[in-house]
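Notes to accompany the following structure.
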There are 2 protein chains.
Amino acid sequence: MLPVFGHLNPDTDAITSALVYARLLTRQGTEARAYRLGELNFETPYVLREAGLDAPELLPELAAGSRVALVDHNESAQSVPNLADLTVTHVVDHHKLGDLSTAAPAYLRFEPVGCTGTILLKLHREANVSVEPVDAKLMLSAILSDTLHFRSPTTTQADRDAVDFLAPIAGVGDVETYALAMFAAKSDLGDTPAETLLKMDYKVFPFGDVAAPQRWGLGVVETTNPAYVFGRQAELLAAMASAKTQDGLDGILLSVVDILNETNRTLVPGEVEAAVVQAVFGADTTGNVADLGARISRKKQIVPALETHFAL
Amino acid sequence: MLPVFGHLNPDTDAITSALVYARLLTRQGTEARAYRLGELNFETPYVLREAGLDAPELLPELAAGSRVALVDHNESAQSVPNLADLTVTHVVDHHKLGDLSTAAPAYLRFEPVGCTGTILLKLHREANVSVEPVDAKLMLSAILSDTLHFRSPTTTQADRDAVDFLAPIAGVGDVETYALAMFAAKSDLGDTPAETLLKMDYKVFPFGDVAAPQRWGLGVVETTNPAYVFGRQAELLAAMASAKTQDGLDGILLSVVDILNETNRTLVPGEVEAAVVQAVFGADTTGNVADLGARISRKKQIVPALETHFAL
């Protein structure tokens, strides 16, 4: 039984891609099962309910040497802590290739598209495997989630084509309405603790010198209701300060992305971060907030700019 | 114009995969051109003559930031010296994933099959691109070469299926006869200098501690005429000793693989190497030769065993 899982702080793509890829592998003769590496965000339960599925279980501790399949991530900092002791046999991902290596030849499929779901649809079609309605719903949801319904600059024609192909199979007549319902579910943050809000879509990236990298924590809250998030600014800044200390980070940022207006206002806790935000994005920090304009993609517009900055 | 190239000390798969993938990318809208990273072995000119093609040109020096596509390799030690300064946008490979990373999401296609040519055939079929006879001849030749016509333990069913599919398109009626002609061409080593013989199919592998690895040079001569090679044993041992010094290696081995009898007798220049060969393969070294039995695949039977040894 091959465990399949997405990244820590799972988003909709990390969860649904594990479910879809596990089923595809199983149908193709490799018994596989989906797991998750953490608590769901507020969007994914909506998607799973719509698909009539339960959430995958938390990944149990795996013995050294166990075979695993990764989806929607490949860097060790975003994966299970003992990844280096495991045998990665499959990866399907749409992120840059980080520090992954394999002990033996493996099956790796990376494409520069907006969502892992888009690649998974290709895998079905290339193998002439029928797309089940439940899988269509999961892949469709992941693409709408990752691309913010095509608003993100990570969107490619392949993502749009995939949605056109999947919507009728998934029984989604009005994609716009479905996407808005997903985003509303994601924005219904209620009394979520600030620590949880910060870490819901959060990744630690090493920048600069490979031997002694700077480590930055980069969180994103994608919401249709940014006013709610900024209403909790003091709490969030306190949570960021303690995460920075606890995780031994060099810097930490939390980007609040207004999905519908496609803007990014980022929480900047201190002077170190403010100086980097000024140098990299030319943005002033006022009252711990920097306006990063239309930079709504961490992957395409935030991480590469920081990477270039710290490489100098 | 995207340069496409295989590994240093190119073999038939490295050369033909660059040619085939460059043409496929071009047909799919990405203008690409095949290059090579070194002199051809004795088998590849036979294959190119049969296919009616000239050898690709040597890769010119590329400016930092240039986009490149890699085939049949991914580790920096086996690639162009300034790989770290280049932007890798595509990789098609069947080796383990080494130290490659990318600055941005890229197109990566790795499968644990016997030959890059087998993956390239899949890419054609998945994209519904017709397979031209010349490309069929190149992919067929690469698969026969890399798998020693299915003798190597790296051979998979996908490689066999690919040959069945390609042979009629390539106009090769008798695959066995064609493979033997390729192997005969490869074995016709004439008055090749010992240095050239050593380095013809030669790769440097880092083993053990990532920060301070042991570096071993592992050469292979696949031949239908091992007696010829052992007739030049003294010359070859001298060439190995100087390569070890010049390249600052911790160890060096040259495996003489008898293609038709599927055996490996390896040249062992010194005590350091003899101790490792004894510890890893349980093989004694007598007169600078160790009998490694049926271990005819460097990739599957030599490198992983050394890797495990030095990781301890």
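By convention in this document, chain letters (A, B, ...) are assigned in the order of the sequence lines, proteins followed by strands, and residues within each chain are numbered from 1. All values below were derived from every heavy atom in this structure, side-chain atoms included, with hydrogens, water molecules and symmetry-related copies excluded.
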Does a donor on one side chain sit under 3.5 Å from an acceptor on the other, for [X] and [Y]?
X        : Y        : result
B:Lys203 : B:His73  : no
A:Asp135 : A:His124 : no
A:Ser255 : A:Thr266 : yes

message: With a 4.5 angstrom heavy-atom cut-off, is it the side chain or the backbone of A:Glu307 that approaches chain B, or both, or neither?
response: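 Just its side chain gets close to chain B.
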- prompt: With respect to chain A, which residue among B:Ala211, B:Ala311, B:Ala103 yields the maximal number of heavy-atom pairs within a distance under 4.5 Å?
  reply: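 The answer is B:Ala103.
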field: Max heavy-atom pair count under 4.5 Å with chain A, selected residue of B:Pro304, B:Ala106, B:Ala104
entry: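 Option with the top pair count is B:Ala106.
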field: Pair A:Arg151 + A:Glu222: basic N to acidic O under 4.0 Å
entry: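 Not counted as a salt bridge, because no side-chain N and carboxylate O are separated by less than 4.0 Å.
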- prompt: Salt bridge or not for B:Glu111 and B:Lys122, using N-O below 4.0 Å?
  reply: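 Salt bridge present between B:Glu111 and B:Lys122.
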query: So which of A:Leu100, A:Asp99, A:Thr89, A:Asp93 has the biggest tally of heavy-atom pairs under 4.5 Å with chain B?
result: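 Most pairs with chain B among the choices: A:Leu100.
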task: Side chain from CB out, backbone as N, CA, C, O: work out which of these in B:Lys300 comes under 4.5 Å of a heavy atom of chain A, or both, or neither.
output: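 The answer is neither part of B:Lys300.
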